[in-house]
Every structure is written in structure tokens, then in C-alpha cells.
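Just below is one structure, and these are the notes that go with it.
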Amino acid sequence: MVDATLAAIAQPAQTDPEAAQRARRQPLARRRYALEIRQHMGWRRQALILAAALLAGLAISAAILVAAGVPAGELANEFVMQTFFDGQNFRAVLFQAAPMILVGLAGALAFRARFWNLGLEGQMIWGAIGATAVSMWQVGPEPLRLPLMFAAAIGCGLLWVLGPAWLKIRLGVNEIISTLMLNYMAANFLLHLVYGSWKDPKDNFPYSPQFRAFERLPELGAGVSSAIVLAAVVALLAWWLVGLSRAGLYLRFVDANPRVAHANGVPVRRTIYGAVLLSGAMAGLAGLAVASGQEGRLTQAFYQGYGFSGILIAFLARNNPLAATVVALLVAALFVTGRSLQVFYQVPFSMVQLIQAIIVVCVASSDFFIRHRLRRVGAEAVQ
């Protein structure tokens, strides 16, 4: 008797074929669906959904550009041929990509620890300020000046994010608010410096004196800056940290469920602190890459746009360091192409930022389809 009862419970309920047929014949408006959370989806299907979202975003962006006056036939030429197959433009892409790779990696590493670091621009500012301070005050001998600027940029970026990390972990303060507010503090302090004591006495313009030759990131030849090599090395180290090290394993546990990770003995606080501080250090390096590798001095607006781009890169790359490197190159190409569109078609640069926002919205929407599915309610529920 008991065995028969257990067998009846274990056996799935048989659906009445006539009821199922009646359900299939129901009008579309009367059909019922249930929204379910997916337990798992293969990476191929995830990639397919992401690709569809990106294509949708690109199609919308192309329609906007055509409406703004860019000939439809020139879009592929501008975005592909002129950007990646023209030597000068491709060097410009690499030039622009170096700080974007660093800031994208900074965002990806913090997001893996469930710390929404929106203060990337503030950490960039302080990284550049620290490097410029070494140059202004001539700290150390000339051969060691650039390594000292590296150390100052890393230290200042790291310290600027330490406060929000401590507030989040110890007091539960929302890191989105604290990191965003610190962006404004850093930007205003930067203006205080370049309009005040650090203003270039020669030109009397709001930027610092120019860095000396031994304080600049050197060129590798053919107009390619060593900043792209720095970014590639940092990307490989980040990939090793996330994919192969014990800290990366801890990060995966924390990202999945911090409470369960803590219950299983994972040092959750130390893991979050480590990821967030490394994120600030990478953003500080991005500030150095712009100040020393591009501008050659500390300027008042060198950081603008990088914070949003870093969030975009991390989001599109799903916080994967190697994918973030590729996405950063594509975003840099978008910026270079945007400047070309400004010159030849009088398209405002805000249009490029609009395209970034459209792509973010489309990719964010794709996450819903990756994590959820619609299942039609069975015939037994619609009788």
C-alpha cells in the first residue's frame, strides 16, 4: 500500500490529451503564462541573446545617425574601414583605448565583488593628482620619477575608494551614493588646483606645468604609446587573478551569494576589500595613463566620460577581464569615429554618448531574458 502510494507521488501527473488540445485552441488573449527564473542557461544561448541585444542597439543607433544626416551607405565605411584599416585612425584607437581598458577593468573587478563602484572618475582624478604631485615637487631622482608617479597614482586611487568600501562593509552605507558624491569632491579639488597653486605660470591657463620628457609614458614607435602595453599587462594580471587564483575563486563565491560564502568559510570582507582597493588602484592608473600618456600635464577635464565608459565596458563584458579589453577597444573606436563624424557630418559628440546609452539599455534588457523565461501554463490550469 505504502509502495503504491509513493510510486503514485513520484510519477508525474498525466495531462489529459483533450484538455491540452482545448488549451492549444484557446484564443491568444485568454492564454495564461507564468514568469519563471531560469536555473541555468548555456553560454552559447547567453552569447546569442547578448549579440541580438547589441545588434538591436546598433540598429537603433544607425537609424538615429541616418536621421542626423549621416548617409546610410557611409556608416560601415566610417565605423569599420576608416577606423580599423586606416593606420592613423587605428593608432588613435589604441591611444584612446589604454585608459578605457584600465577603467573598464576597474569597474569589472569591483562589480564582481558586488560593490557598485561609480566613483571611477574620482579615483582617476586622484591618480592623476598623485602623479602630478610627484612631478611638481620633483620627488626622487630622474630615473625613478616615472615609477614613483606610478606608485603615487596607484596609492591615491586606492585610498580614494577606501572610504566608501569601509562605509559599505562596516556601516552598510550605499556605495552608489558615496562613490558618486566623492566624484564631485575630487572634481572640485582638481579645479581648485589647476585654477590655483598648480596653474601653469607660463601660459596662465588652468592646467599644470608640462611634464618633463622622463615623466611621460614613452612611445614604442610608429606613434604607439606604451600605455596600451601597460593596459594589456594589467588585463592579463586581472584575468589571472579572476580566473586562476584563489582570490578569484573567493570572488565567484561572493558574487553568487555573500551569505552562503561566509557560512562556508570564505573571507567575504577581505575579498571585497581586496577587489575594491584593486579597482581604485586600476582607476588611478587610468588617470596616470591620460595625464602622462596623452595630455602631458594635469588638465581640468581630462577625466570626463571615462566613468560612464568604464561602467559600460564592465557591463558589456560581464565583468570578464579579457572581454573588457575587447569591449574597451570597440568603445575607443566609437569615440574616434564620433570625432570623425563631428568633422565631416557636423554630428555633435553628445550623439556618441547617446549611442553608448542605447547600447547599455539594450544589454541591460537582454539580462532579463537570460535570467527569466515565459512558460505557458499547462492545460490543467486553464480548464
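None of the values given here were measured: they were computed from a predicted structure. What's counted below: heavy atoms across the whole structure, side chains too, no hydrogens, waters or symmetry copies.
Side chain of Thr299 to backbone of Glu295: no donor-acceptor contact under 3.5 angstrom is found. Formation of a donor-acceptor pair under 3.5 Å by the Arg112 side chain with backbone atoms of Val242 is not found in this model. Checking side-chain atoms of Ser292 against main-chain N and O of Leu217 turns up a donor-acceptor pair under 3.5 Å. The backbone N or O of Ala333 sits nowhere less than 3.5 Å from a side-chain atom of Gln96 that would complete a donor-acceptor pair.
Pairs engaging residues 203-226 under the side chain to side chain donor-acceptor pair (under 3.5 Å) rule: Ser135-Glu215, Arg145-Glu215, Asp203-Tyr207, Arg212-Glu215 [sequence neighbours left out].
Residues Ala165 and Phe115 come closest through the heavy atom pair CA-CE1, 3.8 Å. Across all non-hydrogen atoms, the minimal contact from Leu109 to Ser279 is CD2-N, 4.2 Å. Closest approach of Met124 and Phe302 over heavy atoms only: O-CZ, 3.8 Å. Closest approach of Ser366 and Arg318 over heavy atoms only: OG-NH2, 3.9 Å. Residue Ala106 comes nearest to Leu120 through the heavy atom pair CB-CD2, 3.8 Å, listed as atom of the first residue, atom of the second, then distance. Looking at every heavy atom in both residues, Ala247 comes nearest to Leu241 through CB-CD1, 3.9 Å.
In this structure, Leu182 and Pro164 have side chains that are in contact, with non-hydrogen atoms separated by less than 4.5 Å. Inter-residue side-chain proximity for Leu298 and Leu190 is flagged as met; some heavy-atom pair is nearer than 4.5 Å. The closest side-chain heavy-atom distance from His192 to Trp198 is not below 4.5 Å. The shortest side-chain heavy-atom distance between Gln88 and Arg91 falls under the 4.5 Å cut-off. Counting heavy atoms from C-beta outward, Ile355 and Leu65 have side chains that approach closer than 4.5 Å. Two residues are said to be in side-chain contact when any heavy atoms from C-beta on lie closer than 4.5 Å; Phe214 and Leu146 fail this criterion. Using a 4.5 Å cut-off on side-chain heavy atoms (C-beta onward), Leu251 and Asp255 make no contact.
Hydrophobic clustering keeps Val103 apart from Val276 (ILVMFWY residues linked when any side-chain heavy atoms are closer than 4.5 Å, directly or through intermediates). In the hydrophobic clustering of ILVMFWY residues, with side-chain heavy atoms under 4.5 Å counting as a link, Leu220 and Phe90 come out together. In this structure, Trp239 is a member of the same hydrophobic cluster as Leu329, with clusters built from ILVMFWY side-chain heavy atoms closer than 4.5 Å. Leu148 and Leu285 fall within a single hydrophobic cluster, where Ile, Leu, Val, Met, Phe, Trp and Tyr are joined by side-chain heavy atoms under 4.5 Å apart, directly or via other members. A continuous path of ILVMFWY side-chain contacts below 4.5 Å connects Val233 to Ile313, so both sit in one hydrophobic cluster.
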Next item on the list: Check step by step if side-chain contact (heavy atoms from CB on, under 4.5 Å) holds for Tyr303 and Val290.
Entry: CA-CA 8 Å; Tyr303 61 91; Val290 177; over 6 Å; no
Check: Between Thr179 and Asn117, does a side-chain hydrogen bond (donor to acceptor under 3.5 Å, both in side chains) hold up when you go through it step by step?
Finding: CA-CA 6 Å; Thr179 52; Asn117 183 11; 4.7 Å; no
Note to self: Does Asn264 form a side-chain contact (heavy atoms from CB on, under 4.5 Å) with Val260? I'd like the steps, not just the answer.
What the structure shows: CA-CA 6 Å; Asn264 283 276; Val260 174; 3.4 Å; yes
Margin query: Working note: Trp166 + Tyr273, criterion ring-ring contact (aromatic ring centres under 6.0 Å, His included); need CA distance, chi angles, decisive distance, verdict.
Written below: CA-CA 8 Å; Trp166 184 85; Tyr273 269 126; 9.0 Å; no
Checklist line | Derivation of the side-chain contact (heavy atoms from CB on, under 4.5 Å) call for Ile125 and Phe189 | finding: CA-CA 9 Å; Ile125 292 171; Phe189 186 71; over 6 Å; no
Next item on the list: Could you go through the side-chain contact (heavy atoms from CB on, under 4.5 Å) check for Thr337 and Asn89 one step at a time?
Entry: CA-CA 9 Å; Thr337 306; Asn89 286 339; over 6 Å; no
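When each of Lys202, Arg297, Met136 is paired with Pro209, the side chain to side chain contact (heavy atoms under 4.5 Å, CB included) condition holds for Met136 and for no other.
Within a 6.0 Å sphere centred on CZ of Phe253, heavy atoms belonging to other residues, nucleotides or ligands number 12 at most. Counting non-hydrogen atoms of neighbouring residues, nucleotides and ligands closer than 6.0 angstrom, the CZ atom of Arg252 exceeds 12 such neighbours. More than 12 heavy atoms of other residues, nucleotides or ligands sit less than 6.0 Å from atom CE of Met181.
Residues Asn183 and Gln123 bring no donor and acceptor atom of their side chains to less than 3.5 Å of each other.
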